[in-house]
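Let me begin by presenting the structure, written as structure tokens, before commenting on it.
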Number of protein chains: 2
Amino acid sequence: MNGATETIDARLPRYEQIRESLRMRISNGEWKPGTALPAETELAEQYGVALGTMRKAIAMVVEDGLVERAHGKGTFVRSEMQHASMFRFFRFRENPQGEALTVPHTVIHDMREVTLEPEIGERLHAGRSRRGIFLLRTRRFADGPGLLERIWLPFQPFKSLLKIRPEQFGDLLYPFYREHCGIAITRASETISFGGLTKEDALLLDMAQGDPVAVIERTAFSLEGEAVEFRITQGDARKFYYNVEIR
Amino acid sequence: MNGATETIDARLPRYEQIRESLRMRISNGEWKPGTALPAETELAEQYGVALGTMRKAIAMVVEDGLVERAHGKGTFVRSEMQHASMFRFFRFRENPQGEALTVPHTVIHDMREVTLEPEIGERLHAGRSRRGIFLLRTRRFADGPGLLERIWLPFQPFKSLLKIRPEQFGDLLYPFYREHCGIAITRASETISFGGLTKEDALLLDMAQGDPVAVIERTAFSLEGEAVEFRITQGDARKFYYNVEIR
DNA sequence: CAGTGGTCTAGACCACTCC
DNA sequence: GAGTGGTCTAGACCACTGC
């Protein structure tokens with residue numbers, strides 16, 4: 001369903017094949033987040049390659065963000081629940097110096113199955129299907145309203161979410177995707193722009209119609225490289241800061 | 001003056017030492033942009049290391065963005081004048097689909113030696129010195145005013161810029177820094193926010209006081225890792241799009 | 001064809017962590 | 001001291017480019 005059973009292209013270099021294999025084994029839960037993989041020497045034996053090749057494959061999985069290596073300790077599957085990675089894709093700040101990131105309190109206002117509009121469907125790996133899931137939520141920081149998010153998901157790997165009551169959703173969706181749908185988000189693409197609030201959106205954010213907002217459109221990708229989430233986030237432009245490291 | 005003559009820390013791994021050496025040799029102009037480095041086998045011989053070590057060192061310089069490798073052809077010094085890299089740090093767009101990026105026409109309104117204010121000086125590697133250079137310029141796209149930029153540089157490596165008449169500046173500063181001051185920009189950090197125009201700035205942008213603008217603060221770093229430029233760019237928020245790939 | 005970078009091997013030794 | 005990852009070697013062979 002999510003590509004884990006596909007065969008690996010034998011024309012690729014060995015280290016690429018092993019990288020894919022490791023990604024699948026991690027994705028399938030063979031090694032749980034926080035636990036260690038076997039030592040590189042043992043993995044090299046398992047795969048029947050030299051140490052150098054094995055090390056190259058592991059290095060790529062490190063670059064993919066799936067595991068971390070610690071000299072003298074081992075190679076560990078990254079758990080997405082850790083603080084550092086929780087905010088990997090969450091970059092609003094309340095103020096420029098505000099390093100004290102707290103998880104915002106989240107309220108889900110709407111969740112339902114929808115027919116994906118073409119503009120949205122094109123951005124998701126939903127196959128031929130137009131079936132999707134739509135979520136509308138707000139995320140509030142300590143000092144009041146913060147963000148308004150519209151989220152679209154393809155129906156197929158996410159349908160189990162519909163059985164969960166909105167109150168039971170956590171404040172962070174990505175760990176939720178992983179636990180309930182087996183989807184790990186590893187990469188995303190964001191576009192930032194500027195806009196004005198509609199009347200309805202203004203109500204949800206305790207702001208006024210036409211107030212300036214930052215708009216972030218994000219497409220998030222699974223381990224297998226498929227676009228599995230599209231979301232549009234809006235928040236008060238006057239409180240918006242976004243930092244990027246280039247190159 | 002810019003660290004090229006520093007000795008390389010012998011406690012570092014060989015491939016790190018070689019990486020530094022390659023960076024310096026490129027930075028010193030031993031191999032010009034667009035030309036090829038010696039073959040990896042020859043470099044390995046020069047440095048007296050095994051091929052694998054040499055390859056690792058070169059791989060790091062590739063990651064640094066200094067060279068590109070082409071199978072069967074060679075290892076080439078990247079020329080910053082090429083289209084792709086010209087816009088590496090320049091991410092305004094006129095519209096979301098606008099892939100047809102043209103170099104904006106640039107006008108320098110002011111250039112002078114200044115005493116750096118503490119907030120600015122802290123962000124630059126200016127040593128103990130408070131001496132700096134300030135530039136004010138606008139960059140116009142085909143359909144009218146675009147960006148307003150304030151740029152601060154430490155006096156020391158950039159003082160030769162003051163001898164150049166503003167009309168002789170090109171539309172792109174980074175190649176200019178390289179040619180006249182021997183400073184290659186390889187990395188930058190940007191923070192995006194939104195604000196309103198002051199009366200004076202509005203005049204320069206043909207906009208009105210209080211109009212919404214995107215504000216990008218950028219700190220740019222040299223090959224040696226020193227902060228050598230701080231700039232604040234403002235542009236019409238309604239025309240602003242900024243794309244980021246995460247992880 | 002010669003010359004380049006890309007893959008891969010089978011070892012050796014070092015540095016770090018934890019018991 | 002046992003086990004882990006990090007560095008490094010000295011080869012072999014393959015794949016691509018350009019003459």
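Chain identifiers are assigned alphabetically (A, B, ...) following the order of the sequence lines, protein sequences preceding nucleic acid strands; residue numbering begins at 1 within each chain. Values below: all heavy atoms of this structure, side chains included; hydrogens, waters and symmetry mates excluded. Values in this document were obtained by computation on a predicted structure and should not be read as measured data.
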Take A/Pro13 and B/Pro38, find for each the nucleotide of DNA chain C with the closest heavy atom, and name the residue whose nucleotide sits nearer the 5' end.
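Result: B/Pro38.
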
Those residues that, when tested against B/Arg14, pass side chain to side chain contact (heavy atoms under 4.5 Å, CB included) (two or more places apart):
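Once residues adjacent in sequence are excluded, the partners of B/Arg14 under the side chain to side chain contact (heavy atoms under 4.5 Å, CB included) criterion are B/Val49, B/Thr53.
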
Who are the side chain to side chain contact (heavy atoms under 4.5 Å, CB included) partners of A/Ser222, not counting sequence neighbours?
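A/Ile183, A/Glu224, A/Glu226, A/Val228.
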
Between A/Ile58 and A/Gly52, which has a closest nucleotide on DNA chain D that is more 5'?
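In this pair, the answer is A/Ile58.
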
I'd like to check the salt bridge (Lys or Arg N to Asp or Glu O under 4.0 Å) partners of B/Arg231; sequence neighbours left out, ordered by chain and number.
B/Glu149, B/Glu229

Can you list the residues that meet the salt bridge (Lys or Arg N to Asp or Glu O under 4.0 Å) rule with B/Arg23, with sequence neighbours excluded?
B/Glu20, B/Asp64

Can you find a side-chain donor-acceptor pair between A/Arg69 and A/Thr75 that sits under 3.5 Å?
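Yes, side-chain donor-acceptor contact under 3.5 Å.
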
First contact, last contact: which nucleotides of DNA chain D are these for chain B, 5' to 3', heavy-atom distance under 4.0 Å?
D/dT7 to D/dG18

May I have the distance from A/Lys73 (atom NZ) to C/dT17 (atom C1'), rounded to whole angstrom?
8 Å

I want to check something: taking the side chain as every heavy atom from C-beta on, are B/Arg55 and B/Glu40 in contact at a cut-off of under 4.5 Å?
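Yes, their side chains come closer than 4.5 Å.
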
State whether the number of non-hydrogen atoms from other residues, nucleotides or ligands found under 6.0 Å of A/Glu45 atom CD is greater than 12.
no

When we call it a touch if two heavy atoms are under 4.0 Å apart, what does A/Ala70 touch: a base, just sugar-phosphate, or nothing?
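Answer is sugar-phosphate: A/Ala70 comes under 4.0 Å of backbone atoms only.
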
Touch check for B/Arg14, heavy atoms < 4.0 angstrom, all strands: base, sugar-phosphate only, or nothing?
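Sugar-phosphate, backbone atoms only, no base.
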
In numerical order, the residues of residues 39-49 of chain A whose heavy atoms come under 4.0 Å of DNA chain D are A/Ala39, A/Glu40

Side chain B/Gln17, main chain B/Leu12, donor-acceptor under 3.5 Å
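Answer holds: yes.
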
